[in-house]
Amino acid sequence: MNLQQGKDKYLIQINNAINHAIKTGSFDKRNLIENARNVCVFGLGTYFNEAFEQHRVKEKFNVNLLCDNDPAKWDKEFYGLKCVSPDELKKCDDVIVITMLGDPRKVNKQLDQMGISHMTHTDLALDSTNNLSRDQNYFLQQTDRIIEAYSLLEEEESRRLFANLLCLRIAPQLSEYSYDALFSNGEYYGHNLFALNDTESFVDCGAYNGDTIMKFLEKVQFKFNKIYAFELDQANFTELQKFVKSLDPLIANKIECFNAGVWHQDAEITYGKGVKNEPAEGISIFKHDNFLLGKVVQLDTALSEKQITFLKMDIEGAEQNALKGAKNIIKTQQPKLAICLYHRLEDLWEIPIFLKALVPNYKITIRHHFLYNVWGTVCYASI
């Protein structure tokens with residue numbers, strides 16, 4: 001592959017990352033796991049205790065070793081696997097490490113210094129959950145789309161983020177920055193990419209328990225036109241309703257809640273119910289063995305003839321389909337957008353391309369709002 005790189009350092013970086021991913025299969029971390037002789041989980045704390053057995057990490061990823069910095073755990077067995085010291089780990093041939101830590105930054109640096117390849121369980125779990133094609137030919141076919149999405153970004157910061165976030169997903173050794181160096185505050189509302197006013201009609205897709213609505217209300221100083229909140233899970237929806245009822249009635253009366261997810265069609269779907277880890281870890285992960293039935297709707301039908309000025313989506317990988325179900329709203333009303341890009345690798349390029357095709361006047365920007373891993377990459381669009 002020979003892209004028209006010119007003097008664009010980010011395009012060179014992207015080109016090198018794509019070539020590496022095509023050669024090694026690193027665009028899906030499961031490929032790296034399956035090609036390694038030894039697979040080790042590092043970190044035997046709260047996150048490990050809650051997730052290792054529940055998510056069948058040993059069986060799914062052929063884990064044959066454990067490691068921790070705590071000497072009290074060395075040479076002991078956990079779930080039928082021996083925990084070795086970092087010094088012993090370093091002696092292992094062809095080993096790759098899965099870190100299971102709430103904040104893996106110190107251990108990541110430690111593993112880098114040891115010369116050991118590693119990935120977070122959260123990043124690996126995204127690849128496993130979304131189950132994209134793992135064939136190198138598939139990723140080769142994405143090359144033009146990746147370059148097209150990059151070319152849509154007029155702003156230097158967005159181009160820097162796109163190139164380095166792509167590297168962190170598919171070729172971490174080629175990224176010039178860690179996630180925390182790419183981090184910025186202001187997820188959804190607190191940035192300077194576009195302004196919110198006191199007449200917003202806000203659509204919150206993935207409203208959870210009202211936390212993002214509260215941040216929106218604070219941002220606009222409780223002055224707005226309407227809020228339409230969509231939440232798929234019944235338990236979360238109940239909490240959302242409690243939150244809305246706790247607000248001043250003059251505010252609550254302008255908030256309409258839907259116990260539904262958003263999709264490209266009206267339907268019923270099954271979904272995996274998530275659980276929370278211990279607060280000390282601060283990580284939320286998904287269970288795969290607790291499937292529930294839920295309702296999904298198209299925004300174009302659910303909000304037909306409603307005025308929409310701002311649309312946010314954080315819906316666990318359903319963003320592409322949900323945007324297809326909102327294309328009439330987006331095309332005709334051109335609302336401000338905040339759309340998560342991190343759940344599926346291809347979202348990083350497919351969502352910007354889709355939005356720009358719908359509204360050529362959109363300025364597409366990217367920001368990253370999580371310190372430790374891939375979570376928190378958001379695409380912003382506005383006129």
K.L.:
With the threshold set at 4.0 Å, does a side-chain nitrogen-carboxylate oxygen contact exist between Glu148 and Arg145?
P.N.:
yes

K.L.:
Is the shortest distance from a Lys or Arg side-chain nitrogen in Arg134 or Glu34 to a carboxylate oxygen in the other one below 4.0 Å?
P.N.:
yes

K.L.:
What's the verdict on side-chain contact (heavy atoms from CB on, under 4.5 Å) for Ile98 and Val39, showing C-alpha distance, side-chain angles and the deciding distance?
P.N.:
CA-CA 7 Å; Ile98 304 168; Val39 180; 3.8 Å; yes

K.L.:
To the nearest 0.5 Å, how far apart are NZ in Lys29 and OG in Ser128?
P.N.:
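Answer for the NZ-OG pair, Lys29 versus Ser128, is 12.0 Å.
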
K.L.:
Measure from the side-chain N and O atoms of Lys356 to the backbone N and O of Tyr362, and report whether any donor-acceptor pair falls under 3.5 Å.
P.N.:
yes

K.L.:
Check the side chains of Ser133 and Asp135 for a donor-acceptor pair under 3.5 angstrom, ignoring hydrogens and angles.
P.N.:
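Short answer, no.
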
K.L.:
What's the shortest heavy-atom distance between Leu299 and Leu311, and which atoms?
P.N.:
CD1-CD1, 3.9 Å

K.L.:
List the atom of Cys67, the atom of Leu44, and the distance in Å for their closest heavy-atom pair.
P.N.:
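Looking at all heavy atoms of both residues, the closest pair is O-CD1, 3.3 Å.
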
K.L.:
Provide the closest heavy-atom pair for Tyr47 versus Leu101 in the form atom of the first, atom of the second, distance.
P.N.:
CD2-N, 3.4 Å

K.L.:
Starting at CG of Asn321, measure out to CD of Gln265 and round the result to the nearest 0.5 Å.
P.N.:
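If we round to the nearest 0.5 Å, Asn321:CG and Gln265:CD are 8.0 Å apart.
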
K.L.:
Cluster question for you: counting only ILVMFWY and a side-chain heavy-atom cut-off of under 4.5 Å, with indirect links fine, are Ile308 and Ile315 together?
P.N.:
yes

K.L.:
Is a donor from one side chain sitting under 3.5 angstrom from an acceptor on the other, for Gln13 and Asn164?
P.N.:
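Result is yes, a qualifying pair exists.
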
K.L.:
To the closest 0.5 Å, what do you measure between CD1 (Ile116) and CG (Leu89)?
P.N.:
4.0 Å

K.L.:
Would Arg160 and Glu157 pass as an ion pair if we require N to O under 4.0 Å?
P.N.:
yes

K.L.:
Nearest 0.5 Å please: distance from the CD1 atom of Ile96 over to the CE atom of Met119.
P.N.:
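If I round to the nearest 0.5 Å, the distance is 3.5 Å.
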
K.L.:
Go through the side-chain N and O atoms of Asn19 and Asn15 and say whether any donor and acceptor fall under 3.5 Å apart.
P.N.:
yes

K.L.:
Step by step, would you call Thr120 with Asn373 a side-chain hydrogen bond (donor to acceptor under 3.5 Å, both in side chains)?
P.N.:
CA-CA 8 Å; Thr120 66; Asn373 57 34; 4.8 Å; no

K.L.:
When the ring centroid of Phe370 is compared with that of Tyr372, is the distance short of 6.0 Å?
P.N.:
yes

K.L.:
Is any side-chain heavy atom of Glu268 closer than 4.5 Å to a side-chain heavy atom of Thr270?
P.N.:
no

K.L.:
Search all heavy atoms of Asp68 against all heavy atoms of Phe42 and return the closest pair with its distance.
P.N.:
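Shortest heavy-atom separation between Asp68 and Phe42 comes out as CA-CE2, 4.1 Å.
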
K.L.:
Roughly how far, to the nearest 0.5 Å, is the CD atom of Glu231 from the CG atom of Leu240?
P.N.:
7.0 Å

K.L.:
For the pair Lys312 and Glu187, find out whether any cationic side-chain nitrogen is under 4.0 Å from an anionic carboxylate oxygen.
P.N.:
no

K.L.:
Which residue pairs pass the salt bridge (Lys or Arg N to Asp or Glu O under 4.0 Å) test when at least one of the two sits in residues 371-383, sequence neighbours left out?
P.N.:
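Those involving residues 371-383 do not exist here.
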
K.L.:
Just wondering, more than 12 heavy atoms not from Lys327 lying within 6.0 Å of its NZ?
P.N.:
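Atom NZ in Lys327 is not packed in, count stays at 12 or less.
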
K.L.:
Can you tell me if Asp204 and Thr212 form a side-chain donor-acceptor pair at under 3.5 Å?
P.N.:
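Note: Asp204 and Thr212 side chains meet the donor-acceptor criterion.
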
K.L.:
Might you work through the salt bridge (Lys or Arg N to Asp or Glu O under 4.0 Å) test for Glu350 and Arg344, ending with a clear yes or no?
P.N.:
CA-CA 10 Å; Glu350 292 297 340; Arg344 301 170 67 86; over 6 Å; no

K.L.:
Set out, in order, the CA-CA distance, both residues' side-chain angles and the distance that settles side-chain contact (heavy atoms from CB on, under 4.5 Å) for Asp112 and His118, then state yes or no.
P.N.:
CA-CA 8 Å; Asp112 287 339; His118 57 89; 2.8 Å; yes

K.L.:
Taking the six-membered ring for Trp, are the ring centroids of Phe243 and Tyr208 within less than 6.0 Å of each other?
P.N.:
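They do not qualify: ring centres at least 6.0 Å apart.
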
K.L.:
Would you check if Gln298 and Val262 make a side-chain contact, meaning some heavy-atom pair closer than 4.5 Å?
P.N.:
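No; the side chains remain at least 4.5 Å from each other.
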
K.L.:
Identify the heavy atoms of Tyr150 and Ile14 that sit nearest to each other, and give their distance.
P.N.:
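Taking every non-hydrogen atom into account, CD1-CD1, 3.6 Å.
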
K.L.:
Apply side-chain contact (heavy atoms from CB on, under 4.5 Å) to Leu193 and Glu155, showing your working.
P.N.:
CA-CA 11 Å; Leu193 299 172; Glu155 183 209 37; 4.1 Å; yes

K.L.:
Going by the angle between their ring planes, with limits at 30° and 60°, are Phe310 and Phe202 parallel, tilted or perpendicular?
P.N.:
parallel

K.L.:
Please name all residues satisfying side chain to side chain contact (heavy atoms under 4.5 Å, CB included) with Lys219, sequence neighbours left out, ordered by chain then number.
P.N.:
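Once residues adjacent in sequence are excluded, the partners of Lys219 under the side chain to side chain contact (heavy atoms under 4.5 Å, CB included) criterion are Tyr189, Leu196.
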
K.L.:
If you count heavy atoms of other groups shown closer than 6.0 angstrom to NZ of Lys363, is the number above 12?
P.N.:
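No - once you tally the heavy atoms of other residues, nucleotides and ligands closer than 6.0 Å, there are 12 at most.
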
K.L.:
Quick one: is the NZ or CZ of Lys324 closer than 6.0 Å to the six-membered ring centre of Phe354, and within 45° of its axis?
P.N.:
no

K.L.:
Below 4.5 Å, heavy atoms only, C-beta onward: do Thr24 and Asn31 meet side chain to side chain?
P.N.:
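With C-beta onward as the side chain, the pair stays apart.
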
K.L.:
Flag yes if more than 12 heavy atoms outside Glu59 fall under 6.0 Å of its CD atom; otherwise flag no.
P.N.:
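More than 12 heavy atoms, drawn from other residues, nucleotides or ligands, come within 6.0 Å of this atom.
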
K.L.:
Report the C-alpha separation of Ile351 and Gln320 in whole Å, then their side-chain angles, then the decisive distance to 0.1 Å, and conclude whether the side-chain contact (heavy atoms from CB on, under 4.5 Å) test is met.
P.N.:
CA-CA 7 Å; Ile351 287 175; Gln320 286 191 54; 3.9 Å; yes

K.L.:
With distance as the sole criterion, is a donor-acceptor pair present between the side chains of Tyr342 and Glu319 under 3.5 Å?
P.N.:
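No pair is found: no donor N or O on one side chain lies under 3.5 Å from an acceptor on the other.
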
K.L.:
Rounded to the nearest 0.5 Å, how far apart are OG1 of Thr99 and NE2 of His121?
P.N.:
10.0 Å

K.L.:
Compute the ring centroids of Tyr380 and His191, then answer whether they are less than 6.0 Å apart.
P.N.:
yes

K.L.:
More than 12 non-hydrogen atoms from neighbouring residues, nucleotides or ligands closer than 6.0 Å to NZ on Lys73, yes or no?
P.N.:
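Yes, because the 6.0 Å sphere around NZ of Lys73 holds more than 12 heavy atoms from other groups.
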
